[in-house]
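All remarks here apply to the structure that follows.
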Amino acid sequence: MVKLRDPKSVMKLSRLGSFHQSKLSFLRSFLKEFKEWDYNRDLFTLNEKGYGTAVYSFKKNKRVYSLICFANELNESERSDRVIATKWDAAFTLHDGVPTKNDIERLKKEVPKQEIGRLSFKELTLSRANKSIRVFNHVVESLSNGVQPDISLLSKVGYLYRTTAVYGSGKFGLADRFRIKNRKEIYGPFRLEMMLVYLVRQFTFDQVNHVAKNKNPRKAVNLNPDICRKLGIGNSTGLGMAPFIVNHPTLLNNWIYARETALKKIREIENVKIEDSDLFKTYLKKSLKNITSWNTESDYQKKKIKSLLNDLNKLIKFIEDNFDFSKKYAFNEIYLWVENNTGEECIEYVVSMMMEPYDSIVTPLINQMSSEEEKYFNIPTDRTVLDLRNILEDKYLHLLNIDFSKNENNQNFWFISKNKEEPRMANRFEEKGSELEQPLAIARDIKKLYEKLLLSKNSLTLDKFLFQNSELRHVVRRAFIAEKFPYSEIQDNTIGKNVVPIDMLRLKLSFFGALKFDPRSDKWLRICMFQGAPLPEQLKNFEDNWIYS
Amino acid sequence: MKSLSEIDVISKRATKAAGYSWGIAEEVGKNIKLLELFGLPGVKNLNAFYKSKKKNVYKNLKLINIENKSPNEKLCPVITGLSFLDQIKTLESLEEIKFENIGYPILFIPFVSRASEVIGKRLLLKVDDKKFLFNFNINIYSNFLSNETIELAKNVLVKFIDNSDSFEQKDWEELYKLSENTFVEESESLKKTGAGAGLNDND
């Protein structure tokens, strides 16, 4: 029997910040779920410059999801990926059902306004995106002259558009999750966000073809579908995503637990079939292309990529020179070798790769990655101080050793910015506002709780303890969640001097299925989604290994 | 229309801004969402309470007794409700609990509803002349169908309803008899091949 990996090491930020896409990733499971659905472009009324409205849909039986796109003219001076922007090249919403003319007119007024617009319960997700002007103009220019664009430029950037936010779950009046949660096709997390991004990708191809055609109707050609497949949708992601994983502990647990369960089951395979070991080796080698084409200006990421590539080459050599897959528990042996001989980036990369041959292990886990969070909200106040102290010593031992009286361990605070209502992080000794700190300093507050518990009577029940300590109620709740859910807490200090917030973003984005993380600072990064994915019209015949093709 | 998710988030932040801890703010966020989901005026009463709280003092009742008299001070519905919820396991053996002068009692309702789920018992809440029956936090029956703000409840009573049948034994027997019409009489030979048949039970 192989044990699940210890949360105390898996849940360290540096480890979480080394996660990679896998078969569990949401964009891959979305494509598998919707592969049998009928895709259609229902409306495409753009002018010669590419501005106007388009509607795309996925349909099965009586269920229809429609992406409504509004493409607008934007001055160069107005184009910004920052969350404080107020205008974008295009704005999108995913509508539940077939939109009426009235719906489209209503949404035309609201969707381009994004955060200050109002959506209805008939809309499921909301997003906006900006063109990569350099790439978009180059593609239009090439196609209108009857030639395909420069592949090297396209592969360097990887997309025509990048989204700057994707909203769901009740934001700005969108449908609450409870309205749709019983639909089988969206059991996996973020399915509808993935659908939106995927259909937006198709819109970008249709728009670029349309503009090129209008520019030079006689000569223009369409963008080659093989080139389209090599393009994804970019995304700029900032700190807004980081608190999500702290604020949704059971969801975080279920994501990581699925991954850890898959790894455990694979390590427990006594006799690995030849076809499975061959698949692993093939994908491992093929996947190197995704690393060598990973472009970034970030020294932090460049170092990680370099070490990943070195480690993977070491692993491939180890497998080719010495390794016998016919021995018992072969994947367990490979895993242990990787743990002992490579860095965190490589360990987590190999964990992802090991899942590739095992649909039978991974697929059942996908539907367990959502969470009914409210079930675990109530605090069991009939439990005692001793119970709670034992939980803290068991689940948070490493965090209890941090000395928060040192400024370096207490340097940052998380807050919500007044102008955009978005999460931000700042140095509490240099910036104002730390008195309005968000409850995201879990390690520090757990330590405070522990110190209070040490001074309380063991037999005291928590209803009485909370009389005097209501400021610690949020972490009392978390501790009982951690008792049931081993991977629900980040085992690191999220306010320390050395915290790298993009590690938190990377964790979430890896579960989305993003590739080519490109940190632009320690607080935001760019990624690419659906690069290499089949186009909607190819979906019915695609293979799940498209990501390595 | 505001989504329940927006109602949760804004109520939570407003509660923190009104001076409560984040943990209590989380409770209130969930509660207001629950009230609105059940069609009760949560947002309206919360807003009115926080405006009132700036000018008036509300007493924080922490230890709940059988009778909770507060003749001269209004009880804070948030802290009173939270104490009730937190202490519900020690209170459930009681038949009823009385409170005097709860401010903005609509805000007390979701704590009682959640308590009903925690102990697995129905609870009846009387807020002066208004009645609310809580069914394990699944739904609320009430004679209060207004969208109004209630500033004060002079007399509040929580009654614990034992888990018992809501019908007479006779009703059950008659219904059972009718249900028997879906059964098939087993032949003797089938009886002999049923589970356990043919064996010596003392072997």
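Proteins come first, then strands; the chains are lettered A, B, ... in the order of their sequence lines, and each starts at number 1.
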message = Using heavy-atom distances under 4.5 Å, tell me whether B:V118 contacts chain A through its side chain, its backbone, both, or neither.
response = side chain
message = I need the contact set between residues 451-472 of chain A and chain B: heavy-atom distance under 4.5 Å, sorted by residue number.
response = A:D463, A:K464, A:L466, A:F467, A:S470, A:E471
ask   = Parallel, tilted or perpendicular: which fits the ring planes of B:Y58 and B:Y104, with parallel below 30° and perpendicular above 60°?
value = tilted
task = Quick one: sort the B:W172 and B:Y176 rings into parallel, tilted or perpendicular, breaks at 30° and 60°.
result = tilted
task = Could you check which of A:T381, A:D176, A:L174 has the highest count of heavy-atom pairs closer than 4.5 Å to chain B?
result = A:D176
request  = Among B:I79, B:D8, B:L4, single out the residue with the greatest number of heavy-atom pairs under 4.5 Å to chain A.
outcome  = B:L4
key: Region of A:R177 that comes under 4.5 Å of a non-hydrogen atom in chain B   = neither
request  = Classify the angle between the aromatic ring planes of B:F84 and B:F99 as parallel (below 30°), tilted (30 to 60°) or perpendicular (above 60°).
outcome  = perpendicular
Contacts of residues 102-113 of chain A with chain B (heavy atom under 4.5 Å) = none
key: Leading residue by heavy atom contact count with chain A [cutoff under 4.5 Å; candidates B:E27, B:E117, B:R13, B:M1]   = B:E27
ask   = Regarding B:K126 and the six-membered ring of B:F132, is the cationic atom NZ or CZ under 6.0 Å from the ring centre and inside 45° of its axis?
value = no
note = If you tally heavy-atom pairs under 4.5 Å between each of B:A25, B:S21, B:S83 and chain A, the highest tally belongs to B:S21
remark   = Okay, A:E374 and chain B: the region with an atom under 4.5 Å from a heavy atom over there is side chain
ask   = Taking 4.0 angstrom as the limit, do A:R383 and A:E483 come out as a salt bridge?
value = yes
key: Salt-bridge contact A:K181-A:E372 (side-chain N to carboxylate O under 4.0 Å)   = yes
key: Interchain contact, B:K33 with chain A, by part (heavy-atom threshold 4.5 Å)   = side chain
request  = Using non-hydrogen atoms and a 4.5 Å limit, figure out which bit of B:L63 sits close to chain A: side chain, backbone, both or neither.
outcome  = both
message = Looking at B:F136, I'd like to know if the NZ or CZ of B:R122 sits under 6.0 Å from its six-membered ring centre while staying within 45 degrees of the ring's axis.
response = no
task = Go through the steps to decide whether A:F244 and A:F190 satisfy the test ring-ring contact (aromatic ring centres under 6.0 Å, His included), and finish with yes or no.
result = CA-CA 13 Å; A:F244 180 92; A:F190 291 95; 5.7 Å; yes
query = Does A:R477 come within less than 4.0 Å of B:E26, counting only side-chain N to carboxylate O?
reply = yes
query = By a 4.5 Å heavy-atom criterion (distance strictly below it), what part of B:L82 contacts chain A: side chain, backbone, both, or neither?
reply = side chain
Presence of salt bridge, B:E6 and A:R118, under 4.0 angstrom = yes
inquiry  = Is A:E437 close to chain B through its backbone or its side chain, or both, or neither, when contacts mean heavy atoms under 4.5 Å?
reply    = backbone
task = Before giving the answer on ring-ring contact (aromatic ring centres under 6.0 Å, His included), spell out for A:F415 and A:F413 the whole-Å C-alpha distance, their side-chain angles and the decisive distance to 0.1 Å.
result = CA-CA 7 Å; A:F415 64 101; A:F413 70 102; 5.4 Å; yes
Sidechain N-carboxylate O distance under 4.0 Å for B:K154, B:E100 = no
ask   = What part of B:K89 lies closer than 4.5 angstrom to a heavy atom of chain A: side chain, backbone, both or neither?
value = side chain
ask   = Looking at A:Y376, is A:K484 sitting on its ring face, NZ or CZ under 6.0 Å from the six-membered ring centre and within 45 degrees of the normal?
value = no
request  = Would you check, one step at a time, whether the test salt bridge (Lys or Arg N to Asp or Glu O under 4.0 Å) holds for B:E95 with B:K159?
outcome  = CA-CA 6 Å; B:E95 282 183 15; B:K159 203 169 173 184; over 6 Å; no
message = On the six-membered ring of B:Y20, is B:K53 placed so that its NZ or CZ lies under 6.0 angstrom from the centre and within 45° of the ring axis?
response = yes
